[in-house]
Amino acid sequence: VFGAPAMEMATCANATASYASRARVSPPAARCVNIRAHMNDFHTLLTRRAATACQAALLASLAAFGCAPAFAQGTAAVIGGALRADNAPVWTRLVTEAGGKDARWLIIPAAAESPEKSAQDIIDTLKQYGAAAEAIPLSPRWKGQDAARLVRDPEWLAKVRLARGIYFTGGTQERITTVLLEKDGTDTPLLKEIRALQTRGGVVAGSSAGAAIMSTTMIREISDVLGVMQEGIEKSKHLDRGLGFVGPAYMTDQHFIKR
């Protein structure tokens, strides 16, 4: 995540985040970055001292630009990628945040090359950790499915209202935004329900491409990291619109240094 001024990048095993200057990252066991906020509350999986420093820097930056904090009440779980099924600290935390055993999760594999397989892998893992899960067959690559129809389907909209967690799989992030945003850039009915889920305290999680879409400004796939570090970002080439589940103060990049 790249964020407000006076913030620097730090990398954790399965997540990338930007924290306040000189803030220390949490122990290696805490491999998931959890952003939960209500009004001006800000919590991450950092040491208490680091979290306090990060919150102070964030609020100071917002105040300097005349912005009031306006976060959702739920949880945004930003996961860098290559999250293994045996990474118990992350999966257990996700299930716990969604309400614990039997919490309902819906998987969106829109980004994946093989959406059916990608969705099933996440379903199997969430069930392994005690959750209930099923896939929304939303993907331009899911055979026999019409994405434009599905995002308006009353059955799936109702299922999102009953769910406690949404998980976006990895792949190509532009596929996610393409199916969840209307051509005029407004939210589809399905995306509106996902936002409502987060607002009422649910979890919106994403790994790899699913992490990239979390910020309001989304980083596209960058093939030449060193070149970007040397020459800078080209907005038209490297940036796009994300879905903003972590708010406008952050920019998530899931594979900046290493996959």
Side-chain angles (χ1 to χ4, degrees), residues 1-3 14-18 33 76-83 106-119 121-122 135-153 156 160 166-195 197-198 204-225 227-229 231-259:
V1 181
F2 297 97
N14 279 308
T16 302
S18 176
V33 171
V78 183
I79 305 162
L83 179 61
L106 293 172
I107 316 306
I108 298 180
E113 288 292 321
S114 302
E116 296 97 327
K117 180 182 184 305
S118 181
D121 288 345
I122 302 300
I136 300 179
L138 179 63
S139 168
R141 300 181 65 83
W142 194 304
K143 293 181 180 179
Q145 295 296 330
D146 181 350
R149 181 197 61 79
L150 193 149
V151 296
R152 293 167 173 76
D153 189 326
W156 286 111
V160 175
I166 298 287
Y167 192 103
F168 291 94
T169 69
T172 302
Q173 48 261 44
E174 292 93 329
R175 291 177 186 155
I176 301 174
T177 55
T178 297
V179 296
L180 283 177
L181 292 172
E182 303 282 14
K183 290 183 179 179
D184 63 1
T186 58
D187 292 355
T188 59
L190 185 64
L191 181 54
K192 289 178 182 178
E193 291 296 342
I194 294 171
R195 295 196 194 283
L197 176 150
Q198 186 185 21
V204 178
S207 173
S208 192
I213 56 96
M214 290 286 174
S215 51
T216 302
T217 300
M218 181 180 76
I219 296 180
R220 289 174 174 269
E221 194 75 21
I222 295 177
S223 57
D224 182 11
V225 172
V228 170
M229 293 177 70
E231 304 296 331
I233 282 181
E234 296 179 34
K235 289 185 178 181
S236 62
K237 181 179 180 181
H238 299 127
L239 300 181
D240 206 337
R241 179 182 172 184
L243 300 183
F245 295 114
V246 298
Y250 307 93
M251 186 183 292
T252 59
D253 183 15
Q254 75 281 29
H255 302 309
F256 188 76
I257 300 298
K258 183 179 179 181
R259 282 185 178 274

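None of the values given here were measured: they were computed from a predicted structure.
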Between Arg141 and Glu116, does any side-chain N to carboxylate O distance fall below 4.0 Å?
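No salt bridge links Arg141 with Glu116.
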
Do [X] and [Y] have side chains that get closer than 4.5 Å, going by heavy atoms?
X: Leu138; Y: Gln145; value: no
X: Pro189; Y: Glu182; value: yes
X: Leu106; Y: Tyr167; value: no
X: Leu181; Y: Leu243; value: yes
X: Arg175; Y: Glu113; value: yes
X: Leu190; Y: Asp153; value: no
X: Thr252; Y: Ile219; value: no
X: Thr169; Y: Ile108; value: no

Evaluate Thr216 against Val246 for side chain to side chain contact (heavy atoms under 4.5 Å, CB included), listing each step before the verdict.
CA-CA 8 Å; Thr216 302; Val246 298; over 6 Å; no

Might you point out which heavy atoms bring [X] and [Y] nearest each other, and give the distance in Å?
X: Ser139; Y: Pro115; answer: OG-CG, 3.6 Å
X: Gln198; Y: Phe245; answer: NE2-O, 3.0 Å
X: Ala82; Y: Ser207; answer: N-OG, 4.2 Å
X: Ser118; Y: Ala112; answer: CB-CB, 3.6 Å

In a check of side chain to side chain contact (heavy atoms under 4.5 Å, CB included) between Phe168 and each of Val204, Ile107, Ile79, which one passes?
Val204

How long is the gap from CZ on Arg152 to CG on Asp146, to the nearest 0.5 Å?
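If we round to the nearest 0.5 Å, Arg152:CZ and Asp146:CG are 9.5 Å apart.
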
Any donor-acceptor pair under 3.5 Å linking the side chain of [X] with the backbone of [Y]?
X: Gln173; Y: Met218; value: no
X: Thr188; Y: Leu180; value: yes
X: Ser215; Y: Thr217; value: yes

Arg241/Glu174 under salt bridge (charged side-chain N to carboxylate O under 4.0 Å, His left out): CA gap, chis, key distance, verdict
CA-CA 9 Å; Arg241 179 182 172 184; Glu174 292 93 329; over 6 Å; no

Using salt bridge (charged side-chain N to carboxylate O under 4.0 Å, His left out) as the criterion, list what pairs up with Lys117, not counting sequence neighbours.
Asp121

